[in-house]
Colleague: 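Can you read through this structure? Questions will come right after.
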Amino acid sequence: MSLFGIKEEQSIPPDGQMDLFGFVPKETPPEVKALSAECSANGLVHFKYSPLMKKSIRCKGGFLFGHPEVLLPAYMKAPEFAAARELAAEWAEHAVRRKTQKNKAIVKDLVNRFWQTVDQIFTDKGEAPLASKGRLPPIRPQGKYHNLVDVLAAINDTYFDGSLSCRITWSNRVGGLSFHTVRKDPVTGEDFHLISISRGYDAANCPLYAIAGVVYHECLHIVIPVEVRQGRRVVHGREFRQREKRYIYYDEWIKWHKEVLPRNIRALLHHREL
Ligand SMILES: [Zn+2]
């Protein structure tokens, strides 16, 4: 789904092949409409760029009818940083307000999400994350309601004979996605798998079977590597989808994932408690 709710057209891939069930593997990242590098999507927060800045952002209040102006590092002018710029705009709108306890917490959360998004953009481009060079993102498996270490251990024992070696954390990545990455331990220099689970699952309304479902899905990414078929990256191929369905609460998890998770993520984006 695109950011603006425009449905992408279902199309037959250029090689003209569809499989037996009409399933068209579609692994292109979600489309982000080209946003202006000059201002936020709502047109209220203006962006300026500095070639001298690398790992910091600044804002100035009262630029346009009380809305702030944000100074960003010059490399963030590139289109792929659009999502990060939107977060910076949201951050600035809060940062220029009165510093109440609640507002301070929101500002802190937005700053974290901003740098995590920037890191992810670098990672997606195949470059080392800038903000976390030489250090790891915080690994926090204990959530407000659920401990991911326990869930991972149960899934690992039940579905992988305890053979998986990976770490797990609650994610703050904007958009509420769960994902799997390979990271380098700055101390040992060794690569390890890191599973990050959407915070939308750390909720009072989230049953354990749903968390276990998404953890199982991310674990499968460790054992079923990405295939390249006719130049396309196939992340969720047929084998992946077949194995995914072996999860005992697959139907219940998918239902929760489709019906409840989007509501929880919307609440998080509006800084509401889950
Ligand atoms: Zn996946």
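Because the structure is predicted, anything quoted here is derived from the model rather than measured. Read the numbers this way: they start at 1 and go in the same order the structure lists the ligands and their atoms. Basis for what follows: all heavy atoms, side chains included, without hydrogens, waters or symmetry-related copies.
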Colleague: Please enumerate all residues that pass salt bridge (charged side-chain N to carboxylate O under 4.0 Å, His left out) together with Lys144, with sequence neighbours excluded.
Modeller: Glu273

Colleague: Using a side-chain heavy atom cutoff under 4.5 Å and only I, L, V, M, F, W and Y, what cluster partners does Leu268 have?
Modeller: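 Traced through the cluster, Leu268 reaches Leu274.
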
Colleague: Asn264 side chain to Ala203 main-chain N or O, any donor-acceptor pair under 3.5 Å?
Modeller: no

Colleague: Could you walk me through whether Gln120 and Phe179 pass the side chain to side chain contact (heavy atoms under 4.5 Å, CB included) test, one step at a time?
Modeller: CA-CA 11 Å; Gln120 193 58 48; Phe179 55 101; 3.7 Å; yes

Colleague: For Ser196, give me all partners under side chain to side chain donor-acceptor pair (under 3.5 Å), at least two apart in sequence or on another chain.
Modeller: none

Colleague: Looking at the rings of Tyr216 and Tyr249, which for Trp means the six-membered one, are their centres under 6.0 Å apart?
Modeller: no

Colleague: Which protein N, O or S atoms sit under 2.8 Å from the Zn ion (ligand 1)?
Modeller: His217 NE2, His221 NE2, His236 NE2

